[in-house]
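Submitted below is the structure of interest, expressed as C-alpha cells.
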Amino acid sequence: MSMHSSAMGRGGRAGMNSMRRNRDILEHRIKKGTLPRMLTFAKVYRTMIIVFLTAVVLDSIVTSVSPLVLRAIIDTITNTHVAHKSQSLVIGLAFLTAVLALIDAGLSLFERRASAVIGESLIFDLRARVYAHIQDMPIAFFSRTQTGALISRLNNDVIGAQQAFTDLFSNVVGNILLLTIILGVMFFLSWQITLVALILLPLFLLPARRVGRRLGTLFQRGMELNAEMNMVMSERFNVAGAMVVKLFGRPRDELEYFESRARQVRDIGIRQATYQRFFFVALSLTASLATAFAYGFGGVAVLHGTLAVGTVVALTAYLTRLYGPLTQLSNLNVDYMSAMVSFERLFEILDLEPMIKDAVDARDIPEGPATLRFENVSFEYPGAEEVSLASLEAVAVLERVERTSVLHDVSFVVEPGTMTALVGPSGGGKTTISMLVSRLYDVTAGSVSINGVDLRETTSISLKSTVGVVTQDPHLFHDTLRANLLFARPDATEQEIQVALVSAQIASLVASLPQGLDTVVGERGYRLSGGEKQRVALARLMLKAPHLVVLDEATAHLDNESEAAVQRALDATMNDRTSFVIAHRLSTIRNADQILVINEGRIVQRGTHEELLKMGGLYRDLYETQFASQASTHGVKTTIDMND
C-alpha cells in the first residue's frame, strides 16, 4: 500500500503543479541557446544527477514488481492446498513484499535527499550568480528598475527554474520507465482489460487539461492579486509610508482599500481550491471506474477459469499506478517550457552588460594625497535600453527619448589637501560631477583621473578605498550602529571606532544608548534624528579614512551647534585630505580653496569666495539670494535644491 500511495501521490502532485502553469507559457517562443545554457548548470552536478536518476530507475522497477509478488501470493493461497511447502512460499513472498517496501522507502528518501541537494545547490548557484551580477550594475540600473521585480527574479524565477529543472529529470526518466513496465506487464496479464483502461483515459485527461488551462489563468491572476496586496502592505508598513498615512491617511478608507485587495485574493483562492479538488476527484474517479471494470471483467473471467484471482488483483494494483505518470507526461511540454521561461528570465538579467566594470588591465590608484583632475569632460545620461529591461520596469517597451548632454567640456584640478566647492542653480550639473568622481557613471568624453590614473583604468577596489562619499540623505542599514560603521571598514578596532565617533561629535550620544554600539538603528536609520544619522555617516566616512572625500553638504541636516562641532571635526580630519563638496551653506563657501560655479553643465566662474564676489555675475547673485541671509543670521540653514 505504501508503494501504491507513493506512486499515486507523486503523479497527482506533479500533475497538479504542471496544471498550475499559465497557458501562455506554451505560446512563448524560447530564445535559441537557452537549453544548452541551462544544461551548463547541470554539468557541475552530473555525478549526483546520475546517482539520482539511477535511484529513480531502481524505484520504478521496485514499484512495478510489487504487484507481481502480490499476484503470486494470492495465486499460491487460492490455487493450492495448504501444505508445508506452500506455506513456506507464502511466507517467503510476504517477506519479499516487506523487503520491496523497505527498498522503496529507502530509495524514496534517497531520491528526496539527492533532489534537495541538486535543487538547493542550483538555487544557490543561480542566486549567487544573479546577485553578483546585479551588484555590478550601474546606479542608473537601480534608479529605473523596480526593487520588487529584482527580488522576484532572485526568488520566484530561481525557485521555478530549480523545480522544473529537477522535475524534468525525474519525470521523464522515472515515468517513461514506469509506464513502459506497467503497460508491458498489464498487456501480458490481460490485453483486454489494459485496452479498456487506456480507452477510459481520455475521460480524465480531456477535462483535466481544460481545468488545467483554467487553473493556469487563475494562478496567474492570483499571483498578480497577491503582488498588489503585498505592495499595499509594503508601501504602508515602511517608515516613510506609515508617516504619510498617519499625517494624511483616513483609517476607514485605508482599511477598505486593503480589504478590497484581500477580498479578491480570498475569492480567487476559493476558485483555485474548487478547480484543484475537481482535478483530484476526476483523477480518483477515473481510476475507480477503471478498477471497477477490472474487478467486474476480471471477476467474470475468474469464474470462467480464464484468469487467476492474483492476476485480477495485480491488474487493479497496476491501474491505480497508471494514471498519475500518464498525467505527468501529458504535461511534460508545460514543465519543459516553464523551466525554459524561468531560466530565460534569469539569463535576461545576466546578459545585461554592466556599464561600469574593471578594465582587463586595470591598476590601483597610487597611494598618497589625492589629486583630482577633470579634463574636457562631457557627459550624457545613458538611455533606458543601455541600463535596464522593460520587464524590470513593469512596462511593455522601454521609453526612447533623445539623449541630451548634461556636462559640456568641464575641466578643473583639485590639488592635494585642498577643498573645492561646487555651487550653482538647481539642475546645473553639480551632483552629476560628484557622481563622476566616485565613478557611479563613466564620462561620455574627456577623462576624470586621480593621481594621474584615469578612473576607467582603475580597479574598483582601489577607487572605493581612495574615495569616500557622504550624501545629504545617507542610508543606514536596518542593523546595529556597529555593523553600519564596520560596513566601511570591517577590520576596524574598537579604539578606531571610538576615535571616529568622537571626531563626528556623536560619541556621547552612542554612550548614552542602553545597548551602545549594539543599538539597532531601524530601517534606513529612522530611529535616529536627521542630524544623528548624518553624524553616524560622517563617523563611517572617518573610519574609512579615504584620501579624497566627496561631501554632498554633509552638514545640511544639522542644527547650528551640531554643524559647528562637525565642521570643526571635518576641518581637522580633512586637513591632509582632498575634499570635494557641493556647497549649500556659507561656512563651506568661506572655507573652500576653490569655488566652481556650475550653470547648465558648464563652469561659468571659478575662484575663491572673495575673488568671485569682486568678479560679480552669477556667483554674486547666488550669494545675495542664497547665502547672504546665512551671513546675517550667523549660519541659519538655507538650502539649494539638489535635484540636478
Quick one: does any side-chain atom of K544 pair with a main-chain N or O of K464 as donor and acceptor, under 3.5 Å? yes
Could you grab the distance from atom CZ of R602 to atom OG of S405, nearest 0.5 Å is fine? 8.0 Å
For F141 and L352: C-alpha separation, side-chain torsions, deciding distance, then whether side-chain contact (heavy atoms from CB on, under 4.5 Å) applies. CA-CA 10 Å; F141 172 82; L352 189 61; 3.7 Å; yes
Check for a donor-acceptor pair, side chain of R577 on one end and backbone N or O of P546 on the other, with a separation under 3.5 Å.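 Pair found, side chain donor or acceptor close to backbone of P546.
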Do side-chain atoms of T444 reach the backbone of E380 as a donor and acceptor pair under 3.5 angstrom?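 Yes; judged by distance alone, with no hydrogens or angles, the pair exists.
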Checking the side chain of D593 only, and the main-chain atoms of M419 only, is there a donor and an acceptor separated by less than 3.5 Å? yes
Indicate the ring-plane relationship of F580 and F374, choosing parallel, tilted or perpendicular according to the 30° and 60° boundaries. parallel
Test item: L513 and L481 side chains (from C-beta on) under 4.5 Å apart, heavy atoms: yes
Criterion side-chain hydrogen bond (donor to acceptor under 3.5 Å, both in side chains) on T432 and Y441, from CA distance to verdict: CA-CA 9 Å; T432 300; Y441 294 95; over 6 Å; no
Under the side-chain contact (heavy atoms from CB on, under 4.5 Å) criterion, do V414 and T371 qualify, and how do the steps go? CA-CA 6 Å; V414 182; T371 300; over 6 Å; no
Shortest non-hydrogen contact from T431 to S434? O-OG, 2.7 Å
If you measure from CG on L538 to CD1 on I506, what distance do you get to the nearest 0.5 Å?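 The CD1 atom of I506 is 9.0 Å from CG of L538, to the nearest 0.5 Å.
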Going by heavy atoms in the side chains, are D442 and P138 under 4.5 Å from each other? no
CZ/F142: more than 12 non-hydrogen atoms of other groups inside 6.0 Å: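 Atom CZ in F142 is crowded, with more than 12 foreign heavy atoms closer than 6.0 Å.
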Residues, nucleotides or ligands: over 12 heavy atoms within 6.0 Å of Q495 CD: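 Atom CD in Q495 is not crowded, with 12 or fewer foreign heavy atoms closer than 6.0 Å.
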Mind listing the closest non-hydrogen atom pair of S460 and D358 along with its distance? N-OD1, 3.0 Å
For A539 versus L501, what's the shortest heavy-atom pair and its separation?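 Heavy atoms only, the tightest pair is CB-CD2, 4.1 Å.
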If only atom types and distance count, is the side chain of S462 paired as donor or acceptor with the main-chain N or O of I365 below 3.5 Å? yes
Hey, does S447 have a side-chain heavy atom less than 4.5 Å from the side chain of R456?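 Answer yes - side chains close enough.
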Looking only at non-hydrogen atoms, find the nearest pair between G607 and L612 and report the distance.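 Where G607 meets L612 most closely, the heavy atoms are O-CD1, 3.7 Å.
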CG on L476 to CG on N484, rounded to 0.5 Å: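 Reported to 0.5 Å precision, the distance equals 5.0 Å.
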Please report the interatomic distance CG(L486) to CZ(R540), rounded to the nearest 0.5 Å. 11.0 Å
For L517 and V510: C-alpha separation, side-chain torsions, deciding distance, then whether side-chain contact (heavy atoms from CB on, under 4.5 Å) applies. CA-CA 6 Å; L517 281 169; V510 174; 3.9 Å; yes
Step by step, work out the side-chain contact (heavy atoms from CB on, under 4.5 Å) result for Y619 and V604. CA-CA 9 Å; Y619 180 80; V604 295; over 6 Å; no
Can you give me the closest heavy-atom contact between H133 and P354, atom names plus distance?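 Scanning both residues completely, I find the closest heavy atoms to be CE1-CD, 3.8 Å.
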Let me see the working for E120 and R127 under salt bridge (charged side-chain N to carboxylate O under 4.0 Å, His left out), right down to the final yes or no. CA-CA 10 Å; E120 295 301 323; R127 279 184 176 153; over 6 Å; no
Heavy-atom side-chain proximity of H408 to E600 below 4.5 angstrom: no
Output the distance between atom CE (M355) and atom CD1 (I139), rounded to the nearest 0.5 Å.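 Answer for the CE-CD1 pair, M355 versus I139, is 13.0 Å.
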Any side-chain heavy atom of N376 sitting closer than 4.5 Å to one from S411?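 N376 vs S411: side chains touch.
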4.5 Å side-chain heavy-atom contact, V448 and F379: no
4.5 Å side-chain heavy-atom contact, T458 and I450: no
So does P366 get a backbone contact from the side chain of N451, meaning a donor-acceptor N/O pair under 3.5 Å? yes
Before giving the answer on salt bridge (charged side-chain N to carboxylate O under 4.0 Å, His left out), spell out for D518 and R482 the whole-Å C-alpha distance, their side-chain angles and the decisive distance to 0.1 Å. CA-CA 6 Å; D518 294 320; R482 185 190 307 277; 3.3 Å; yes
Measuring only between side-chain heavy atoms, which start at C-beta, is Y623 closer than 4.5 Å to H609? yes
Counting only heavy atoms not in I461, do more than 12 sit closer than 6.0 Å to its CD1 atom? no
Can R620 and E624 be counted as an ion pair, charged N to O under 4.0 angstrom?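 Result for this pair is yes, salt bridge flagged.
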Would you say S121's side chain and I118's backbone share a donor-acceptor pair under 3.5 angstrom?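 No, the answer is negative, given that no donor and acceptor are paired below the 3.5 Å cut-off.
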How far does CG of L613 sit from OG1 of T608, to the nearest 0.5 angstrom?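 Here the interatomic distance stands at 8.5 Å.
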Check whether T578 reaches the backbone of A370 with its side chain - one donor and one acceptor, N or O, closer than 3.5 Å. yes
Closest non-hydrogen atom pair, L463 against S438: CD2-O, 3.8 Å
With no hydrogens and no angle check, is any side-chain donor or acceptor of K430 less than 3.5 Å from a backbone partner on G424? yes
Keeping the roles fixed (side chain from Q605, backbone from G616), state whether a donor-acceptor pair exists under 3.5 Å.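 Here the side-chain-to-backbone pair exists.
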Would T459 and D364 satisfy side-chain hydrogen bond (donor to acceptor under 3.5 Å, both in side chains), going step by step from the backbone distance to the final call? CA-CA 6 Å; T459 61; D364 291 342; 2.7 Å; yes
